[in-house]
Enquirer: 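Take a look at the following structure, please.
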Amino acid sequence: MRAITINEFGGPQVLTEAELPDPRPGPGQLTINTTHAAVGLVDVFFRRGDLAGRPDLPQPPFVPGLEAAGTVRELGPGVTGFRVGEPVVTLSQVSLGGYASVTLAQAAMTVSLKDGGIDPAQAVSALPNATTAYLALTRVAHLQEGESVLVHGVAGGLAATFVAVARSLGASHVTGTVSSQARIKDTGHLGLDGVFTSDRFVKDLDGRLVDVVVDPVGGDLRTASLDVLAPLGRILLLGHAARTPDSPVTGDELWHRSAGMLGFEVGSILRDNPATARPAAEKVVGLLTSGELTLRVDELPLAEAAEAHRRLEAREVPGRLVLTV
Ligand SMILES: NC(=O)c1ccc[n+]([C@@H]2O[C@H](COP(=O)([O-])OP(=O)(O)OC[C@H]3O[C@@H](n4cnc5c(N)ncnc54)[C@H](OP(=O)(O)O)[C@@H]3O)[C@@H](O)[C@H]2O)c1
């Protein structure tokens, strides 16, 4: 198969094309003839070796790519519920490997796209992250109908999916922050009730308090979020896109505000509880079919994986970037 490999941690140039043996599916697995592979910031962190100290950090050589779409190529022993040729998308790919013409996936983490006519580029861009959003909002933040939601870095790949998912769960008012005035135009399709730049959002909210803050950005934005949190509000901690040191918050600060800070990492949750993946994914498939969840997606050929990483790191991507195979 054609694949993009990482033979050492480093800059985008370490992403090189190679011919590798086709993977074969074992029990509980299937293989996919990949047509689209999404590129996310976590792929950049894996490539750079940024997640030092994490026991699950992939070590070179490896083929990156957590999210892939295509058609079923081969079913492993005991796998039922899929047919060869059926269009599918993977959720979080524990074993990576999406930047390749053949992707090996866990059947429990694979969702059929045979009904609904969903565009595979949209599916691979939105479905895995929207499943994360659904699990985070329902199982961790326990979003209630009528509550308000503020999504930081709302133009980003993960963050953008929270808007439609929060609305589908009955959120009353959904706003977002972006890093610059120029980025506001990249959020027009999301249907937000308001967009603020991250340096002024506390001022621009003008005293309006928020029940749930969604934060994949971190740094000062995270700490400032406490100032806009309603009593009994929750901040969902999802990532560190800003790559700045986390600001410490004491238990007393949370206690006195009746506030919660709740972490969620989909990879480890689904690895330990794969059965939670599909019911959540099936909820969000409906949002894609109806068009309630639509992302801005740009495509590049697989051979340009290094350019895709360069753009993402330079924060030049106004939505999601997908590699076509
Ligand atoms: N918890 C989970 O299960 C889970 C799942 C998927 C991803 N993640 C994490 O979520 C984070 C985002 O991933 P992604 O793939 O969505 O990345 P992405 O598409 O590159 O989006 C990152 C967003 O963060 C914003 N941002 C970056 N630096 C910033 C700064 N200094 N100040 C303000 N905003 C800043 C960017 O704003 P601009 O566009 O304006 O630059 C962009 O909107 C990563 O840390 C990733 O590891 C977590």
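First listed ligand is number 1; within each ligand, the first listed atom is number 1.
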Enquirer: Are there over 12 heavy-atom neighbours, none belonging to Gln59, within less than 6.0 Å of that residue's CD?
Expert: yes
Enquirer: Counting N and O atoms only, with roles assigned by atom type, does the side chain of Asp186 sit under 3.5 Å from a partner on the main chain of Pro318, one being a donor and the other an acceptor?
Expert: no
Enquirer: Quick one: does ligand 1 sit under 4.0 Å from the side chain of His240, the backbone, both or neither, non-hydrogen atoms only?
Expert: backbone
Enquirer: Can you tell me which residue and heavy atom of the protein come closest to atom 14 (P) of ligand 1, and the distance to 0.1 Å?
Expert: Leu41 CB, 3.9 Å
Enquirer: Does the N or O separation between Asn129 and ligand 1 drop below 3.5 Å for any pair?
Expert: no
Enquirer: Would Arg243 count as a cation-pi partner of Phe45, with NZ or CZ less than 6.0 Å from the six-membered ring centre and within 45° of the ring normal?
Expert: yes
Enquirer: I'd like to know whether Val195 forms a side-chain contact (heavy atoms from CB on, under 4.5 Å) with Leu192, so could you lay out the CA-CA distance, the side-chain angles of the two residues, the decisive distance to 0.1 Å, and finally the verdict.
Expert: CA-CA 7 Å; Val195 194; Leu192 287 155; 3.8 Å; yes
Enquirer: Considering only protein heavy atoms, which is closest to atom 43 (O) of ligand 1, and at what distance to one decimal place?
Expert: Gly153 O, 3.1 Å
Enquirer: I'd like to check which ligand 1 atoms, numbered from 1 as shown, lie under 4.0 Å from a non-hydrogen atom of Ser179.
Expert: 33 (C), 34 (N), 37 (O), 38 (P), 40 (O), 41 (O)
Enquirer: Just by distance, no angles: are the side chains of Asp252 and Thr250 close enough, under 3.5 Å, to form a donor-acceptor pair?
Expert: no
Enquirer: Regarding ligand 1, does Gly156 bring an N or O atom to under 3.5 Å of one of the ligand's N or O atoms?
Expert: yes
Enquirer: List ligand 1 atoms under 4.0 Å from Val266, heavy atoms only on the residue side.
Expert: 2 (C), 3 (O)
Enquirer: Could you check atom 22 (C) of ligand 1 against the protein and tell me its nearest heavy-atom contact, residue, atom and distance included?
Expert: Ala241 CB, 3.9 Å
Enquirer: Less than 3.5 Å apart, any donor N or O on the side chain of Asp211 or Ser148 sitting next to an acceptor on the other?
Expert: yes
Enquirer: Which heavy atom of the protein is the closest neighbour of atom 48 (C) of ligand 1, given with residue, atom name and distance?
Expert: Leu238 O, 2.9 Å
Enquirer: Numbering the atoms of ligand 1 from 1, which are under 4.0 Å from a heavy atom of Phe45?
Expert: 44 (C), 45 (O), 47 (O)
Enquirer: Looking only at heavy atoms, what is the nearest atom pair of Ser101 and Val325, with distance?
Expert: CA-CG1, 3.5 Å
Enquirer: Only heavy atoms of Phe264, strictly under 4.0 Å: list the atoms of ligand 1 that pass.
Expert: 1 (N), 2 (C), 3 (O)
Enquirer: Starting from atom 11 (C) of ligand 1, locate the nearest protein heavy atom and write down its residue, its atom name and how far away it is, to 0.1 Å.
Expert: Pro216 O, 3.5 Å
Enquirer: Who's closest to atom 36 (C) of ligand 1 heavy-atom-wise, of Arg315, His152, Arg243?
Expert: Arg315
Enquirer: Can you name the atoms of ligand 1, numbered from 1 with element, that are less than 4.0 Å from a heavy atom of Leu158?
Expert: 4 (C), 5 (C), 6 (C), 7 (C), 8 (N), 10 (O), 16 (O), 48 (C)
Enquirer: Under 3.5 Å, N or O to N or O, is Gly319 touching ligand 1 that way?
Expert: no
Enquirer: If I take atom CG from residue Leu302 and atom CG from residue Leu15, how far apart are they, to the nearest 0.5 angstrom?
Expert: 10.0 Å
Enquirer: Number the atoms of ligand 1 from 1 as they appear, then name those within less than 4.0 Å of a heavy atom of Thr132, with their elements.
Expert: 3 (O)
Enquirer: Is a donor on one side and an acceptor on the other found under 3.5 Å between the side chain of Asn273 and the backbone of Ala275?
Expert: no
Enquirer: Which heavy atom of the protein is the closest neighbour of atom 39 (O) of ligand 1, given with residue, atom name and distance?
Expert: Arg183 NE, 2.8 Å
Enquirer: Decide yes or no for Glu299 and His36: does some side-chain heavy atom of the first lie under 4.5 Å from some side-chain heavy atom of the second?
Expert: yes
Enquirer: What is the closest protein heavy atom to atom 31 (N) of ligand 1, and at what distance does it sit?
Expert: Ala242 CB, 3.4 Å
Enquirer: Which of the listed options, Ile184, Val217, Asp220, Asp50, holds the heavy atom that is closest to atom 25 (C) of ligand 1?
Expert: Val217
Enquirer: Considering the heavy atoms of Gly157, write down every atom of ligand 1 situated less than 4.0 Å from one of them.
Expert: 16 (O), 18 (P), 19 (O), 21 (O)
Enquirer: Looking at Asp119, is its backbone amide N or carbonyl O close enough to the side chain of Gln122 to form a donor-acceptor pair, meaning the two atoms are under 3.5 Å apart?
Expert: no
Enquirer: Using the ring-ring contact (aromatic ring centres under 6.0 Å, His included) definition, which of the options Phe162, Phe196, Phe201 pairs with His152?
Expert: Phe201
